[in-house]
Trainee: 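One structure, pasted below without further comment.
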Amino acid sequence: MKNPDSVHELLAGIRPAEEEAAAACRRRWDSLAMPLGGLGLLQESVARMAAALGAPPAEGFRRAVGVFCADNGVVAEGVTQTDSSVTAVVARNLCLGQGCLSHMARAARADVFPVDMGIRDAFSHPRLISRRILPVTGNIAQGPAMSRAQAEEALLAGALLAGEWKRQGYALLAAGEMGIGNTTTAAAVLCALLGLPPEKAVGRGAGLSDQGLARKREAVRRALAVNRPDPADPLDVLSKVGGLDIAGMAGLFLGGAYYRILVAVDGLISGTAALLAVRLAPAAGGFLLGSHCSAEPAAGALMEALGLPAPLQAGMHQGEGTGAAALFPLLDMALAVYWGMGTFEENGMVPYQPLGGGDA
């Protein structure tokens, strides 16, 4: 498939997922010798995979997590417990296979691709994919994070990675992130897109004191007042109060829709990028897979806005793509049932009928 040369071309090339394939998948589930809907959201996750790929993948499908790393100028407002140097530290650990996600991904048989979208303390490593747009975004409490052109460049970079990874044989991608200060930028984007007040959107992130939480809410308030992002224009919101990690992930979601590969949403920040993608191209929603509902305060409103079920309710807020990685083994189990279990007919059983009410 031809790579898009611009965001306009990217958006124009997105088509809806194959709902007939999802319907066929659901019929297969209903034919298996088990209670209807017995595996709940895991069955629906497999159906979403079918809609994106044309059919559910085989057991042992290849999966990867792209971790979009970038620094945010709003850290200067005292909205984080640590400084921006930690972004490079964690990104390097991911390159070395020593990050939290790294250990979970190995258990889940997933590959991890760290992507430098704008790490302040730049470094080189053979496993680090460089897509640098800026060394650090602007302080959103004082002005825009980036220009509109830079936001578009970051979106396109993320989208093209979706194409590269699909060509390498991956059947499922996940969007993760690393960037000190990015719960602040995500909260600002959600306030703009969903009309939430900072009190409903801003959480403690990696662990803020009451005073730090108050500073963070005030920083978001000022970002919205100073930049006046237009909720009807997702690119305006992204460029004014977002971040390069969010932009890269939004691009990955759009690229998933363009190249027709499912992309799993991680937590609040990844979900914020997914919301931007869906606002830019509503059909992209058919190529999203929910993993978990973050413990951050805006997570419920975000998942409701996306209309995306989250199979895991584990109170996680680690980031990096860890929630998506935690879902992968459950998908393996669901696919083992889907492809391996006998049908009612094969077992000489009368099929269950959807009579309403009750569990089984």
Side-chain angles (χ1 to χ4, degrees), residues 63-72 75 79-117 119 172-187 189-190 201-209 212-213 216 243 245-246 248-249 252-253 263-275 288-300 302-303 306 308 310-331:
R63 72 291 305 261
V65 184
V67 187
F68 293 80
C69 307
D71 277 302
N72 301 281
V75 169
V79 297
T80 60
Q81 200 179 107
T82 57
D83 66 24
S84 294
S85 65
V86 174
T87 301
V89 171
V90 175
R92 188 182 295 275
N93 283 340
L94 290 170
C95 290
L96 297 171
Q98 296 300 319
C100 180
L101 171 65
S102 308
H103 296 283
M104 294 179 68
R106 278 193 290 274
R109 295 183 296 106
D111 295 323
V112 176
F113 294 107
V115 183
D116 178 6
M117 297 297 297
I119 300 173
L172 176 62
L173 304 175
E177 43 62 39
M178 177 58 215
I180 298 301
N182 61 9
T183 57
T184 303
T185 53
V189 170
L190 290 178
V202 177
R204 295 181 187 270
L208 284 175
S209 65
L213 180 60
K216 188 174 178 180
D245 49 354
I246 294 173
M249 288 187 293
L252 187 71
F253 291 123
V263 185
V265 180
D266 185 39
L268 183 87
I269 304 158
S270 177
T272 299
L275 184 60
L288 303 179
L289 180 66
S291 61
H292 76 115
C293 188
S294 168
E296 285 288 308
L302 171 60
M303 298 308 284
L306 286 170
L308 200 60
L312 294 175
Q313 302 289 329
M316 297 173 67
H317 54 94
Q318 169 69 21
E320 299 178 25
T322 51
L327 178 67
F328 292 159
L330 296 178
L331 295 177

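No experiment lies behind these values; they were computed from the predicted model shown.
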Trainee: Report yes if some heavy atom in the side chain of Phe253 is under 4.5 Å from a heavy atom in the side chain of Ser270; otherwise report no.
Mentor: yes
Trainee: Can you confirm whether Ile269 sits close enough to Met249 that some side-chain heavy atom of one is under 4.5 Å from a side-chain heavy atom of the other?
Mentor: yes
Trainee: Show your working on side chain to side chain contact (heavy atoms under 4.5 Å, CB included) between Arg109 and Arg63 and close with a plain yes or no.
Mentor: CA-CA 7 Å; Arg109 295 183 296 106; Arg63 72 291 305 261; 3.5 Å; yes
Trainee: Apply side-chain hydrogen bond (donor to acceptor under 3.5 Å, both in side chains) to Ser85 and list each qualifying residue two or more places apart in sequence or on a separate chain.
Mentor: Asp83
Trainee: Pair Leu302, Leu275 - check side chain to side chain contact (heavy atoms under 4.5 Å, CB included), show working.
Mentor: CA-CA 8 Å; Leu302 171 60; Leu275 184 60; 4.0 Å; yes
Trainee: From Ile119 CD1 over to Thr87 OG1, what is the distance, rounded to the nearest 0.5 angstrom?
Mentor: 7.5 Å
Trainee: Can you find a heavy atom in the side chain of Leu289 that is under 4.5 Å from one in the side chain of Val263?
Mentor: no
Trainee: Between Ser291 and Val265 (side chain of the first, backbone of the second, donor and acceptor by atom type, cut-off under 3.5 Å), is there such a pair?
Mentor: yes
Trainee: I'd like to check Asn72 versus Thr184 (side-chain heavy atoms, cut-off strictly below 4.5 Å). Are they in contact?
Mentor: no
Trainee: Hey, what do you get for CG (Leu312) to OG (Ser294), rounding to the nearest 0.5 Å?
Mentor: 12.5 Å
Trainee: Is any side-chain heavy atom of Pro311 closer than 4.5 Å to one of Leu327?
Mentor: yes
Trainee: Can you give me every donor-acceptor pair (side chain of residues 88-105, partner residue at least two apart or in another chain, under 3.5 Å) with its distance?
Mentor:
{"from": "Ser102", "atom 1": "OG", "to": "Gly99", "atom 2": "N", "distance (Å)": "3.1"}
{"from": "His103", "atom 1": "ND1", "to": "Arg106", "atom 2": "NH2", "distance (Å)": "2.9"}

Trainee: Could you tell me the separation between the CD1 atom of Ile246 and the CE atom of Met117, rounded to the nearest 0.5 Å?
Mentor: 11.5 Å
Trainee: Search all heavy atoms of Met316 against all heavy atoms of Thr322 and return the closest pair with its distance.
Mentor: CE-OG1, 3.7 Å
Trainee: Let me see the working for Leu268 and Leu190 under side chain to side chain contact (heavy atoms under 4.5 Å, CB included), right down to the final yes or no.
Mentor: CA-CA 10 Å; Leu268 183 87; Leu190 290 178; 3.8 Å; yes
Trainee: Would you check if Leu252 and Leu173 make a side-chain contact, meaning some heavy-atom pair closer than 4.5 Å?
Mentor: yes
Trainee: Report the residues that fulfil ring pair (Phe, Tyr, Trp, His ring centres under 6.0 Å) with Phe113, sequence neighbours left out, ordered by chain and then residue number.
Mentor: Trp165, Tyr170
Trainee: Which distance, rounded to the nearest 0.5 Å, do you find between the CG of Leu331 and the CG of Leu172?
Mentor: 6.5 Å
Trainee: Testing the 3.5 Å rule here: is there a donor-acceptor pair between the side chains of Asp245 and Asn182?
Mentor: yes
Trainee: Looking only at side-chain N and O atoms, does Thr80 offer a donor or acceptor that is under 3.5 Å from a partner on Lys216?
Mentor: no
Trainee: Side chains of His292 and Gln313: does their closest heavy-atom pair fall under 4.5 Å?
Mentor: no
